[in-house]
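Just so we're clear, the structure is a prediction, and the values are computed from it rather than from any experiment. Proteins come first, then strands; the chains are lettered A, B, ... in the order of their sequence lines, and each starts at number 1.
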2 protein chains.
Amino acid sequence: MPTETAPRAFGEKGRRDTRQRRALRDHLAATDAFTSAQQVYDDLRASGDRVGLATVYRTLQAMADAGEVDTLRTDDGETLFRKCGPRHHHHLVCRSCGVTIEIDGPSVERWASKAADDHGFSDVTHVVELFGLCPACTKAAG
Amino acid sequence: MPTETAPRAFGEKGRRDTRQRRALRDHLAATDAFTSAQQVYDDLRASGDRVGLATVYRTLQAMADAGEVDTLRTDDGETLFRKCGPRHHHHLVCRSCGVTIEIDGPSVERWASKAADDHGFSDVTHVVELFGLCPACTKAAG
DNA sequence: CCCATAATGAGAACGATTACCAATCGCTGT
DNA sequence: ACAGCGATTGGTAATCGTTCTCATTATGGG
Ligand SMILES: [Zn+2]
Ligand SMILES: [Zn+2]
Ligand SMILES: [Zn+2]
Ligand SMILES: [Zn+2]
């Protein structure tokens, strides 16, 4: 337990419930697409909430550390955030509009675990994400 | 076929076989760990090869575009490169030393394909990577 | 209400990657 | 072997997402 200097997540004692965090939390709860920090910042400003960009980054990062949001890296290096369900799951993400479906895959979990064991690797985690075009974007793309 | 201004990969007509590209190709063939451009640059300089950093980045990117190397993004945003086998596969990567084992997962392919179909997504790709500690690094870490 | 201090935000700093562009060098034809 | 074209190189400036700095503000327990 090192001395904590980083901003605390919503679930920890000592945190403060600020206007900015409420705005962020509400915004995340209202969309199911993976969204970049920059995009969240723009959305908040557009809806009249005054929140600094640094605060958006800080808070999203804190929420990610606390497991309150899932993260995803795009090909061009942007980190996307999304408020997801509590169970372990993976994502089927539309690469055009970001709309996301949570999917689970017990067979994948088993496969990953077995591969790790077979090769003597320890402390193994996995990254499993599916990217495609959602029905709406498929139609729009002709 | 737009006019190509980017450097061409080894397999395309019109390319030139330069000292720098030979050095890069040889270096990649000699290691099985995922490596960053910066690391490749350092390794080449250490072995006496004079290759500019921009050239390392350019050439690795071109090889990645041509499918001659696989790429991977670390949590801290670095892109790693590795010369892999030609078949479709995934990776079991040591997060300490980078040593990598190519693994295949027919069950994962089927699962991914089914999930995409079930939700009406088209043009779906998947990212599946396993990260852990290899036997050697597990032992070293105590 | 008070006040310690958590939190904010504007801007500087950062780090990986890319763009620029003048100097070089590989390749093809002579 | 030679010349010329243009692909390639590489030092450096520019980009861009993200993090850091730190003076200022605002929360919430007492
Ligand atoms: Zn999720
Ligand atoms: Zn879509
Ligand atoms: Zn590979
Ligand atoms: Zn290792």
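- Every residue two or more places apart in sequence or in another chain was checked for a ring-ring contact (aromatic ring centres under 6.0 Å, His included) with B:His27, and none qualifies.
- Sorted by first and then second residue, the salt bridge (Lys or Arg N to Asp or Glu O under 4.0 Å) pairs involving residues 29-39 of chain B (not counting sequence neighbours) form an empty list.
- Listed by first and then second residue, the salt bridge (Lys or Arg N to Asp or Glu O under 4.0 Å) pairs that reach into residues 82-98 of chain B are A:Asp123-B:Arg95, B:Arg82-B:Glu102, sequence neighbours excluded.
- Here salt bridge (Lys or Arg N to Asp or Glu O under 4.0 Å) pairs that include residues 40-56 of chain A, with residues two or more places apart or in two chains, number zero.
- Under the side chain to side chain donor-acceptor pair (under 3.5 Å) criterion, B:Thr71 pairs with no residue at all, not counting sequence neighbours.
- For D:dT27, neither phosphate oxygen OP1 nor OP2 lies less than 4.0 angstrom from any side-chain nitrogen or oxygen of A:Arg21.
- Contacts between residues 39-47 of chain B and DNA chain C, counted as heavy-atom distances below 4.0 Å, involve no residue at all.
- For the helix from C:dC1-D:dG30 to C:dT30-D:dA1, the end axes, each set by the C1' atoms of five terminal pairs, are bent relative to each other by 40° (nearest 10°).
- The side chain of A:Gln61 contributes an N or O atom lying less than 4.0 Å from OP1 or OP2 of D:dT19.
- Legend: ring pair (Phe, Tyr, Trp, His ring centres under 6.0 Å) pairs involving residues 38-69 of chain B, not counting sequence neighbours: none detected.
- Within the 4.0 Å cut-off from OP1 or OP2 of D:dT18, at least one side-chain nitrogen or oxygen of A:Thr79 is found.
- Looking at which nucleotide of DNA chain C each of B:Gly77 and B:Ala54 is closest to, the 5′-most match is held by B:Gly77.
- At the heavy-atom level, B:Arg73 lies nowhere under 4.0 Å from the strands shown.
- Here salt bridge (Lys or Arg N to Asp or Glu O under 4.0 Å) pairs that include residues 103-114 of chain A, with residues two or more places apart or in two chains, are A:Lys114-A:Asp118.
- Regarding contacts with the backbone of D:dG10, a side-chain N or O of B:Gln20 is found under 4.0 angstrom from either OP1 or OP2.
- The list of ring pair (Phe, Tyr, Trp, His ring centres under 6.0 Å) pairs with a residue in residues 116-142 of chain B, not counting sequence neighbours, reads B:His88-B:His126, B:His90-B:His126.
- Look at B:Tyr57 and you won't find any side-chain N or O under 4.0 angstrom from OP1 or OP2 of C:dT18.
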Can you give one letter per nucleotide of nucleotides 21-30 of chain C, 5' to 3': B if a protein heavy atom sits under 4.0 Å from the base, S if only from the sugar-phosphate, - if neither?
----BBS---
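- The ring-ring contact (aromatic ring centres under 6.0 Å, His included) check on A:Phe34 picks up A:His91, with sequence neighbours excluded.
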